[in-house]
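Note sheet for the following structure.
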There are 2 protein chains.
Amino acid sequence: MTSTVPPAGPAMISGNALASVAALIGDVARANILLALMDGRALTAGELAWHAGVSASTTSGHLAKLADAGLLDVERQGRHRYYRLAGADVARAVEALMAAAAAGPRRHRPCGPRDEAMRLARTCYDHLAGRLGTALTDALVAREHLVIADGLGLVTASGEEFLAGFGIDPSVLAPGRRPACRTCLDWSERRPHLAGRLGSALRHRCLELGWIAPVPHSRAVAITAPGRRGFAAEFGILDGHLAVAAPARG
Amino acid sequence: MTSTVPPAGPAMISGNALASVAALIGDVARANILLALMDGRALTAGELAWHAGVSASTTSGHLAKLADAGLLDVERQGRHRYYRLAGADVARAVEALMAAAAAGPRRHRPCGPRDEAMRLARTCYDHLAGRLGTALTDALVAREHLVIADGLGLVTASGEEFLAGFGIDPSVLAPGRRPACRTCLDWSERRPHLAGRLGSALRHRCLELGWIAPVPHSRAVAITAPGRRGFAAEFGILDGHLAVAAPARG
DNA sequence: GCGATGCTGCGGCGACGGCCGAAGTCTCGC
DNA sequence: GCGAGACTTCGGCCGTCGCCGCAGCATCGC
């Protein structure tokens with residue numbers, strides 16, 4: 001049994017599955033396509049070609065492979081084809097990879113000033129991430145509207161009240177006593193932020209209030225002037241909390 | 001701005017980081033190496049070569065790359081070199097990829113009888129997964145020892161009591177009121193199972209009691225005869241709950 | 001000391017896969 | 001209808017990377 005029969009380890013089947021999906025993400029053009037879709041919107045093949053930085057025909061091939069593997073969903077609309085992430089699973093895998101990548105090589109992390117806006121605030125699939133995302137989460141925890149247990153959370157009674165007052169539909173929180181509150185590891189902050197239906201609702205409400213605004217060709221979101229006032233008034237998030245080396249502590 | 005300047009989309013930096021780590025996992029030999037290490041143990045280069053199904057020299061190259069990227073840690077011991085996953089981040093990324101892979105291509109999932117043992121019960125980094133893992137989680141939830149909110153959980157007061165009675169060190173649960181209870185998406189069951197420090201402690205206790213036993217060259221674990229009795233008596237998990245098409249429902 | 005064992009580095013081979021441009025299909029707007 | 005635009009398919013080129021065997025270093029056991 002310990003002999004010279006190398007051609008197959010025990011877990012070969014899963015190994016192939018794992019490798020094939022990872023290899024799919026492991027191409028720079030495709031990785032950029034997935035990142036461009038991480039905000040949950042659907043983009044056309046042409047837009048994705050621009051994001052990928054390769055020709056339309058090459059992009060088309062990439063998109064076919066991604067859709068074929070079930071990572072992307074396609075929707076035809078006139079002469080456009082809209083591609084979007086196939087689901088939260090895919091987004092989660094991408095974020096997990098980013099986290100593993102950030103954890104890894106100490107060198108080779110230039111952290112360009114380029115993505116400072118991303119680190120400040122961005123969308124992650126359908127919720128908020130970056131310093132704003134974690135600060136919001138921290139604020140809810142500090143006021144005991146949310147209980148985070150080792151990275152995961154539950155909305156308290158006072159939290160339900162507060163969120164309702166903030167304009168979030170209570171039905172988001174309580175379909176049968178199961179508050180739709182997940183957390184997601186923030187790859188830039190290395191701490192959890194709010195995801196799930198609540199995270200999605202929070203982002204939606206902030207957009208609705210005009211507190212944040214999408215940045216055209218990026219996952220980043222900008223915090224507007226009313227937003228600064230609002231986050232301070234409603235959540236106690238001051239500019240200092242969003243400054244570079246000051247993770248909101250309490 | 002919308003013009004002919006394709007050579008770089010906005011998120012190029014992160015795209016490279018994401019792609020490089022994914023490409024690393026995206027090779028069958030390396031994927032098998034990572035899977036072999038998913039139980040959290042450290043294996044020698046030779047053992048990993050066997051798992052990878054390639055020659056020792058090829059494996060050496062793969063291991064160097066993985067360690068270089070920070071996915072693996074090395075430890076020299078005499079003339080052996082022991083490799084282990086660099087951290088839970090890496091394990092989480094691998095599981096997330098497996099989940100995305102399982103979600104994807106409807107076809108091409110032969111689900112060989114080969115890994116039926118894995119689906120029944122296996123270790124996932126340091127905790128239990130598979131039908132046993134989800135059944136344990138379900139059992140704790142059903143008895144209100146654990147509250148799962150949209151996939152995430154908190155141990156209740158009765159849960160602390162119960163777990164202490166089961167022989168789990170209470171300090172695992174309460175370092176400052178933050179029960180170390182995460183969940184992890186089970187790639188075979190597509191539902192959450194218990195992870196984090198509590199998940200780890202549960203697995204450890206089950207091993208200690210002789211309820212489960214590691215299967216030599218696999219992440220799978222076997223459920224022993226005392227284990228079957230124990231899981232039934234303590235958790236109400238009957239054989240039926242572990243049978244193929246019967247996810248423990250209550 | 002010596003040989004055996006475990007692991008790594010190097011050179012060369014071969015194949016997989018990304019890339020592009022040109023041609024083909026479909027849809028829209030006039 | 002007819003041209004323009006969006007997207008895909010095809011063929012061919014070329015670089016990258018995984019693979020192996022052999023040689024070179026360490027370490028262990030006698």
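Note: hydrogens, waters and symmetry copies are ignored here, and every other heavy atom, side chains too, is used. Chain A is the first sequence line, chain B the second, and so forth, proteins listed ahead of strands; every chain is numbered from 1.
Between the CG atom of Leu72(A) and the C1' atom of dC7(D) there is a distance of 15 Å, rounded to whole Å. Distance, Arg79(A) CZ to dC2(D) P: 18 Å, rounded to whole Å. What separates NE2 of His62(B) from C1' of dC7(C) is a distance of 15 Å, to the nearest Å. Summarising the geometry, the separation between CG on Leu66(B) and P on dC17(D) is reported as 14 Å, rounded to the nearest angstrom. Atom-to-atom, CD of Glu75(A) to C1' of dT27(C) comes out at 16 Å; the value is rounded to the nearest Å. For Leu63(B) and dT8(C), the CG to C1' distance is 11 Å, given to the nearest whole Å. To the nearest angstrom, P of dC17(D) lies 11 Å from CG of Asp27(B). Put simply, CG on Asp68(A) is 13 Å from P on dT8(D), counting in whole angstrom units.
Dashed line: the shortest gap from a side-chain N or O of His80(B) to OP1 or OP2 of dT27(D) is not under 4.0 Å. The side chain of Ser60(B) contributes an N or O atom lying less than 4.0 Å from OP1 or OP2 of dT8(C). Taking only side-chain nitrogens and oxygens, Tyr83(A) never comes nearer than 4.0 Å to OP1 or OP2 of dA6(D). Checking the phosphate oxygens (OP1, OP2) of dC17(D), no side-chain nitrogen or oxygen of Lys65(B) falls inside 4.0 Å. Taking side-chain N and O atoms only, Thr58(A) has a distance below 4.0 Å to OP1 or OP2 of dC20(C).
Each end of the helix from dG1(C)-dC30(D) to dC30(C)-dG1(D) gets its own rotation axis from five pairs of C1' atoms, and the angle between them is 30° to the nearest 10 degrees.
Not one N or O on the side chain of His80(B) forms a donor-acceptor pair closer than 3.5 Å with the backbone of Arg76(B). Between the side chain of Arg205(B) and the main chain of Ile168(B), no donor-acceptor pair closer than 3.5 Å is present. Of the possible polar contacts, one joining the Thr224(B) side chain to the Trp211(B) backbone as a donor-acceptor pair under 3.5 Å is found. No donor-acceptor distance shorter than 3.5 angstrom exists from the side chain of Ser60(A) to the backbone of Ala56(A), with no hydrogens or angles considered.
Here the shortest heavy-atom pairing between Gly15(A) and Asn32(B) reads CA-OD1, 3.3 Å.
No hydrogens or angles considered: a donor-acceptor pair under 3.5 Å links the side chains of Thr58(B) and Ser55(B).
For Arg92(A) and Asp89(A), the salt-bridge test passes: some basic side-chain N is under 4.0 Å from an acidic carboxylate O.
Residue Thr44(B) is classed as a sugar-phosphate contact, given heavy-atom separations below 4.0 Å to backbone atoms only. Using a 4.0 Å heavy-atom cutoff across all strands shown, Ala45(A) reaches sugar-phosphate atoms only and no base atom.
Projected onto DNA chain C by closest heavy-atom contact, Arg81(B) and Arg76(A) fall at different nucleotides, the more 5' of which corresponds to Arg81(B).
Interface remark: the Ser57(B) side chain does form a donor-acceptor pair with the dG21(D) base, using a distance-only criterion of under 3.5 Å.
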